[in-house]
Protein chains: 2
Amino acid sequence: MPESAIRPRKEFGKTIAADITHRLREEIIACGLPPGEPLRFDVLRERFGASFTTLREALTALAAEGLVDAQEQRGFRVASVSRQDLVEVTDARVLIEVELIRRSIARGDDDWEIAVISTLHRLKRIEQRDPEHPLRDPEWKIAHRQFHQALVSACGSATLLAIRAELFDRAERYRHLSANFRPRPRDKAGEHQAIMQAAISRNADLAVQLIETHIRSTADNVATYAAHLLDTE
Amino acid sequence: MPESAIRPRKEFGKTIAADITHRLREEIIACGLPPGEPLRFDVLRERFGASFTTLREALTALAAEGLVDAQEQRGFRVASVSRQDLVEVTDARVLIEVELIRRSIARGDDDWEIAVISTLHRLKRIEQRDPEHPLRDPEWKIAHRQFHQALVSACGSATLLAIRAELFDRAERYRHLSANFRPRPRDKAGEHQAIMQAAISRNADLAVQLIETHIRSTADNVATYAAHLLDTE
DNA sequence: CAAACGCGCATTTTCGAAAATCATACCGTT
DNA sequence: AACGGTATGATTTTCGAAAATGCGCGTTTG
């Protein structure tokens, strides 16, 4: 197997451009590239080992997702953050996620229930293993994302799922923004458990109410602990 | 003025890539490039007069908007159409547009009212001038888009407006798809007038109901008259 | 005869150099 | 000293050639 020996440069997707898009997205969400940071081609070229054009393609895709700002003839920069944007993302998430939860509860079959239960189980196991600073654990982030994805996966609309995924990414960036200043993570395990139970027992109204609270309280937390980062823009 | 003499290649935006993106988008929406059509670089290169890389950037952006399908290592093609996709786009539009109309009615000021009234006025004048086949008239298309844009423009969320714009484009492509087979356009002028009046008089429930009917009946029309194009995919 | 392999062509994808554009500092004039 | 214009350097944007990849066809093999 020569691939593993030669150390392939592409780890996600088949094309280098798709791989770079993925890696850049992760870095921006994790605030490794902070909001407002200029994305100069020289720097990116060195860091990601790709050419101008390939990087340009990746940045264009991320600009369409709202994670990068494209200023024509003056390059790209990481999308800036603001209280207004946080409110918009939060409201849009509530609007869409509430609808998708209702549809999934109405349409979900056995496989859906299994997916919800098993992704929550994995999330809880990871939380037990290392209960502090979950956002710094890549495995927790993936498991957390997959649980919320599973909840809405039976909605039947790929279109709305794609929109939801974009908004989830933008919200996760705000969570990372405040993670370094938040004294202790609040008890999300209980919230996730309650959401799962409401969904599985097909109690749509309760599930919707719990999800909305979950999203809004997380956003409130960000607004509180990242206040100094949101007002100076 | 040398620019007008030399005939500038960029007509929209400052960069060639943004210009090509805009022109490609228009052609795809108008079905000048039919659904499923492979987008080979040789052909596009000749038609748009740009290089591989610039075209690639434009196609990547349109793929993020859902108007182009990117198949890694196997090129791009115009996004295919289907009954399922039409239903998804329609449902998503209703969900979002209804919310934005409510917010605009709640928040709209004098400028908003003026924008709604004046864009409708222009739309009606264009319809009087040439009452048949409105979709073939570029001016009607622009005026129609601007009226619907004005209705929701006071919602206060750039995030949701961007999502709405993407869905509007995807829906407009379906309208073009059926335009050639629809015997006669139904009376949209009356619907637009009623929506305007409900919005201006701040009757949110009525406006929401009219908008939903407007969107769904248009989609039903497409599903009927473009049925042969939707089932053979 | 069917299936699998390898070769060659068509097409996409990537690259770095060259052109275009923007930002800044410098200079001369008022 | 303030202002306008211009040269210069830094950066982005565009280009076409070169490399990589997929696809179809013909050949071989079981």
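Note that these values count all heavy atoms, side chains included, but never hydrogens, waters or copies made by symmetry. Remember, predicted model here, so these are calculated numbers, not experimental data. Throughout, a chain's letter reflects where its sequence line sits, starting with A, and its residues are numbered from 1.
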Report the residues that fulfil side-chain contact (heavy atoms from CB on, under 4.5 Å) with A/D109, sequence neighbours left out, ordered by chain and then residue number. A/D111, A/W112

In whole angstrom, what separates A/I20's CD1 from C/dT13's P? 15 Å

Quick note, A/A50 side chain, CB onward, closest among C/dC15, C/dT13, D/dC15 is C/dC15

Would you kindly give the CD-to-P distance between B/E46 and D/dG16, to the nearest whole Å? 14 Å

Could you state the CG-C1' distance from B/D19 to D/dT13, rounded to the nearest angstrom? 14 Å

The bend of the helix from C/dC1-D/dG30 to C/dT30-D/dA1, taken between the axes of its five terminal pairs at each end and rounded to 10°, is 10°

Within 6.0 Å of CZ in A/R216, more than 12 heavy atoms from elsewhere: yes

Nearest-Å distance, CG (A/L55) to P (C/dG16)? 11 Å

Name the atoms and distances for all side-chain donor-acceptor pairs under 3.5 Å in residues 36-50 of chain A, with sequence neighbours left out.
residue, atom, partner, partner atom, Å
A/R47, NH1, A/E27, OE1, 2.8
A/R47, NH1, A/E27, OE2, 2.9

Any ring pair (Phe, Tyr, Trp, His ring centres under 6.0 Å) involving residues 146-171 of chain A? Give me the pairs, sequence neighbours left out, ordered by first then second residue. A/H144-A/H148, A/F147-A/H192, A/H148-A/H192, A/H148-A/H214

With side chains defined as the heavy atoms from C-beta onward, is the minimum distance between A/D137 and A/E127 less than 4.5 Å? no

Picking from C/dG16, C/dC22, C/dC15, the nucleotide nearest the side-chain atoms of B/K14 would be C/dC22

Name every donor-acceptor pair, under 3.5 Å, that has one atom in a side chain of residues 56-66 of chain B and the other anywhere in the protein, sequence neighbours excluded.
residue, atom, partner, partner atom, Å
B/R56, NH1, A/E57, OE1, 2.7
B/R56, NH1, A/E57, OE2, 2.7
B/E57, OE1, A/R56, NH1, 2.7
B/E57, OE2, A/R56, NH1, 2.7
B/E57, OE2, A/T60, OG1, 3.3
B/T60, OG1, A/E57, OE2, 3.4
B/T60, OG1, B/R56, O, 2.7
B/E65, OE1, B/R25, NE, 3.0
B/E65, OE2, B/R25, NH2, 2.7

Protein-nucleotide distance (A/R45, atom CZ; D/dT13, atom P), rounded to Å: 15 Å

Detail all sub-3.5 Å separations between protein N/O atoms and N/O atoms belonging to nucleotides 6-12 of chain C.
residue, atom, partner, partner atom, Å
C/dT12, OP2, B/F41, N, 3.2

Please tell me if B/T54 has a side-chain N or O lying less than 4.0 Å from either OP1 or OP2 of D/dC15. yes

Holding to ring-ring contact (aromatic ring centres under 6.0 Å, His included), I want the full list of residues that pass it with A/Y225, two or more places apart in sequence or in another chain. none

Kindly list each side-chain donor-acceptor pair under 3.5 angstrom involving residues 151-166 of chain A, sequence neighbours excluded, with atom names and distances?
residue, atom, partner, partner atom, Å
A/S153, OG, A/A150, O, 2.8
A/S157, OG, A/L160, N, 3.1
A/T159, OG1, B/E88, OE1, 2.8
A/T159, OG1, B/R170, NH2, 3.3
A/R164, NH1, A/E97, OE2, 2.9
A/R164, NH2, A/Q149, OE1, 3.4

Those residues at least two apart in sequence (or on a different chain) that pass side-chain contact (heavy atoms from CB on, under 4.5 Å) with B/R136 are B/H133, B/N180

